[in-house]
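Source: prediction; values computed, not measured. Residue numbers start from 1 in every chain, and the chains themselves are labelled A, B, ... in the order their sequence lines are given, proteins ahead of strands.
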Amino acid sequence: MKADRYLLPTLREVPADAELASHQLLLRAGYIRQLAAGVWSYLPLAWRVIRRVEQVIREEMEAIGCLETRLPTLTPKELLTETGRWDVPVVYKLSDRRDAEYALGFTHEEAMCDIVRREVRSWRQLPLLMFQHQTKFRDEPRPRGGTLRTREFIMFDAYSFDRDVAGMDASFDTFAQSYRNIFNRMGLPFVEAEADGGDIGDLDNREFLILTDAGEDTVLRCAEANFAANAEACACPDIAPTDPDVPEEALQTVPTPGARTIEEVAWFLKVAPQKLIKTLVYVADGTPVVVLLCGDREVNEIKLRRFIGAKDLALASEAIVESVTGAPVGFAGVVGLKQNVRMIADYEVRYVRNGVTGANAADAHITGVNPGRDFTPADYADARVAVAGDPCPVAPQYLLTDARGIEVGHIFKLGTKYSEPLKAAYVAENGEQSTILMGSYGIGNSRLLAALIEASHDENGIIWHPSVAPLQVVVIVGNIKDEPALAAAETLHDELERTGISVMLDNRDERIGVKFKDADLIGYPVRVVFGKGFASGTVEIKARRDAKDAAKEVTLNGAVDAVRERLAELSA
RNA sequence: CGGGGCAUGGCGCAGCUUGGUAGCGCGCUACCUUGGGGUGGUAGAGGUCGUGGGUUCGAAUCCCGCUGCCCCGACCA
């Protein structure tokens with residue numbers, strides 16, 4: 001590759017719209033350009049990285065016998081109607097000239113399962129693993145962070161089809177290990193976390209994240225127990241406090257004029273927020289439910305919805321709150337609700353002694369409230385959001401710490417969630433029809449582009465791992481008017497390419513400082529300079545991650561070997 | 001969808017308060033110069049000031065509507 005014939009639109013200044021380091025560097029180093037909100041063009045350098053990423057994944061898929069396919073982007077409405085996913089909010093819809101309707105592919109469980117239901121007959125054909133690399137379309141409410149969250153993005157997605165649960169579990173484990181191999185090969189430090197499967201599937205699932213402050217997700221971790229979970233899915237164990245027993249006080253109604261929020265009531269009554277029993281009214285599939293939490297806690301609607309088994313769950317409207325409690329919003333309480341509705345309390349509420357709760361009447365609260373004596377919830381459940389400082393769910397003697405993370409991969413056991421409605425079945429060994437069990441596995445390739453940079457850059461630019469770098473080596477000619485140097489650099493460029501090492505020859509008529517700056521910005525793992533030492537037969541070799549002045553002189557004859565050694569060392 | 005911000009040559013910005021010839025730096029073109037971390041100089045090219053309307057003799061500037069983009073939140077298969 002010759003720089004004078006390449007598209008290298010590097011920017012000296014930071015584009016105003018970019019906040020994240022990865023976003024700024026992708027723009028400044030000439031990798032991407034924006035076409036619309038959440039819609040990005042990949043310039044030649046970025047496309048090379050994407051293809052490298054795809055290749056690493058492809059090789060790991062071949063290693064586990066996962067077959068590469070390419071499914072359509074257009075998905076007919078009828079197929080998505082079979083699984084009830086035509087009307088999910090992120091779908092881009094379009095119609096043809098005969099008014100037939102289609103979705104732009106946002107994921108491919110249905111399309112992949114459709115092939116299997118048509119072509120797979122017998123247990124002998126299972127398990128079957130297939131994958132593709134493809135552009136997905138999702139009408140994101142808010143794209144952000146360059147290629148971190150976009151409306152059109154490149155994704156690896158794989159699907160497993162198994163005979164039984166044991167097979168599905170084995171496939172899941174196979175992919176989990178494959179993911180570790182993939183990210184390790186890219187030199188990407190990652191964490192595996194228990195996660196919420198969203199609507200895609202609610203069986204076992206696991207996220208692969210890289211930890212960075214730029215991340216959108218909060219990960220809770222326990223180093224001692226080697227535990228990690230996405231905060232939205234992290235379990236909270238039911239643990240009794242070790243506090244000494246406190247005698248129960250009598251109920252007392254106290255005036256709290258205008259104090260509606262937890263903070264206001266806690267301040268007004270001079271009690272700790274965790275003494276307050278927060279009383280929330282939800283509507284689950286049309287039925288009101290009262291949820292109780294300690295005042296310093298937030299409800300985890302994902303856990304709550306799952307516990308109730310509801311399809312829809314949302315905070316009740318003001319009118320419903322008033323009809324359930326008989327009081328304006330802000331004064332709901334556990335004692336003396338107007339309507340008899342199901343009451344679900346978070347585990348912690350069980351251990352509240354002499355708590356405070358709304359009086360179900362305007363401008364009043366009740367003190368001395370004790371569970372068991374004054375109210376009895378239908379259920380105690382894990383209903384709150386876990387936060388840093390909470391006990392670890394697997395080793396409660398340790399406390400969780402938090403960190404931000406970018407989700408780069410997610411794997412799911414799907415069971416029969418899609419194969420059942422789509423009627424994907426096979427004839428088992430015993431001659432009976434049986435439903436196929438599925439798994440699905442995704443990696444956001446274009447998001448990975450940003451994540452790799454978040455995980456590896458400095459103030460001068462990107463630092464690529466050789467496995468994903470757009471080019472392995474940049475050969476810089478200090479001054480192209482030095483014709484022997486230029487000629488020798490061209491020869492080295494050709495030799496390196498012949499040995500299978502991708503290389504950019506920076507033969508532009510620029511000062512050497514410009515070439516150094518661009519090389520650092522673009523992030524080639526290894527740099528070779530034809531400069532001062534060339535007259536005496538040497539060139540300089542330096543890895544991008546080395547210090548500025550760490551270049552080593554090698555003889556021109558030894559340059560190819562030296563580059564190869566350096567790359568091997570960087571790849572380890 | 002709620003809150004905030006921005007829109008002026010390719011990029012970064014000033015000009016707007018107080019209406020009167022559209023400006024700066026970088027980049028780009030040509031030539032000279034320089035040649036180890038974005039060299040210095042000379043001469044150039046390039047802008048319907050996001051868009052529609054209104055006020056005015058006159059609008060980048062004042063008023064109203066719309067659109068686009070960014071950030072926070074909601075949401076996020």
Centroid-centroid under 6.0 Å between A:F156 and A:F131 rings: yes

Selection from B:A77, B:C26, B:G37 that lies nearest to any side-chain heavy atom of A:F516: B:G37

Modelled atom types, side-chain donor and acceptor of A:Y441 and A:S160, under 3.5 Å: yes

Sugar-phosphate only, base, or nothing, as touched by A:R33 at under 4.0 Å among non-hydrogen atoms: nothing

Atom-pair distance (CD on A:E510; P on B:G36), nearest Å: 14 Å

Atom pair distance, as rounded to whole Å: CG in A:L8 and P in B:C28: 13 Å

Between C1' of B:G37 and CZ of A:R544, the distance in whole Å: 12 Å

Gap in Å between the two P atoms, one belonging to B:U8 and one to B:C69, rounded: 14 Å

Check: A:R404/A:T218 side-chain N/O donor and acceptor closer than 3.5 Å: yes

Touch class at under 4.0 angstrom, heavy-atom based, for A:G84 against every strand present: nothing

A:R151 CZ to B:A77 C1', straight-line distance once rounded to whole Å: 17 Å

Any N/O donor-acceptor pair, A:K515 side-chain to B:G37 base, under 3.5 Å: no

Between B:C24 and B:G47 - P atom distance, rounded Å: 15 Å

Touch class at under 4.0 angstrom, heavy-atom based, for A:V514 against every strand present: base

Touch class at under 4.0 angstrom, heavy-atom based, for A:G531 against every strand present: base

Check against salt bridge (charged side-chain N to carboxylate O under 4.0 Å, His left out), A:D546 and A:R566: CA-CA 11 Å; A:D546 293 341; A:R566 210 64 232 276; 2.5 Å; yes

Sugar-phosphate, base or nothing in reach of A:A36, heavy atoms under 4.0 Å: sugar-phosphate

A:Y179 and A:F208 aromatic centres sub-6.0 Å: yes

Nucleotide nearest A:R85 when distance is taken to its side chain, options B:C76, B:C28, B:A77: B:A77

N/O donor-acceptor pair, side chain A:D518 with base B:G38, under 3.5 angstrom: yes

Separation between the P atoms of B:C49 and B:A7, rounded to whole Å: 15 Å

Sugar-phosphate only, base, or nothing, as touched by A:L521 at under 4.0 Å among non-hydrogen atoms: base

Any N/O donor-acceptor pair, A:R144 side-chain to B:C71 base, under 3.5 Å: no

A:Y282 versus A:E301, side-chain donor and acceptor atoms under 3.5 Å: yes

Inter-nucleotide C1' distance (B:G10, B:C1), Å rounded: 35 Å

Length of the CG-P vector between A:N230 and B:C76, whole Å: 13 Å

Pairwise P distance, B:C16 and B:C11 [rounded to whole Å]: 23 Å

Heavy-atom donor-acceptor pair, A:D520 side-chain to B:G37 base, under 3.5 Å: yes

Sugar-phosphate, base or nothing in reach of A:D482, heavy atoms under 4.0 Å: nothing

Gap in Å between the two P atoms, one belonging to B:C28 and one to B:C66, rounded: 41 Å

Residue-phosphate contact under 4.0 Å: A:R511 side-chain N/O, B:U39 OP1/OP2: yes

Separation of B:C71 C1' from A:Q24 CD (nearest whole Å): 13 Å

d(CG, A:L414; P, B:A77) in whole Å: 14 Å

Sugar-phosphate only, base, or nothing, as touched by A:E301 at under 4.0 Å among non-hydrogen atoms: nothing

Integer-rounded Å distance: B:G37 C1' and A:D546 CG: 16 Å

Touch class at under 4.0 angstrom, heavy-atom based, for A:K481 against every strand present: base

Base-pairing mate for B:G19 - Watson-Crick or G-U, with both contacts under 3.5 Å: none

Lys/Arg N to Asp/Glu carboxylate O, A:R508 vs A:D518, below 4.0 Å: yes

Closest nucleotide among B:C76, B:G38, B:G36 to the A:R28 side chain: B:G38

Under 3.5 Å on both distances, the Watson-Crick or G-U partner of B:G10: B:C26

I'd like a table of atom pairs between the protein and nucleotides 1-11 of chain B - only N or O on both sides, under 3.5 Å - with the distance next to each one.
from	atom 1	to	atom 2	distance (Å)
B:C11	O2	A:E13	OE2	3.4

Opposite nucleotide pairing with B:G2, Watson-Crick or G-U, both atom distances under 3.5 Å: B:C72

Short side-chain N/O contact from A:Q34 to OP1 or OP2 of B:G68, under 4.0 Å: no

Sub-6.0 Å ring centroid separation between A:W464 and A:H457: no

Side-chain donor-acceptor contact under 3.5 Å, A:K2 with A:H493: no

Polar contact flag, side-chain donor to acceptor under 3.5 angstrom, A:S178-A:E60: no

Rounded distance in Å between the C1' positions of B:G40 and B:U34: 7 Å

Distance between P atoms of B:G9 and B:G23 (Å, rounded): 14 Å

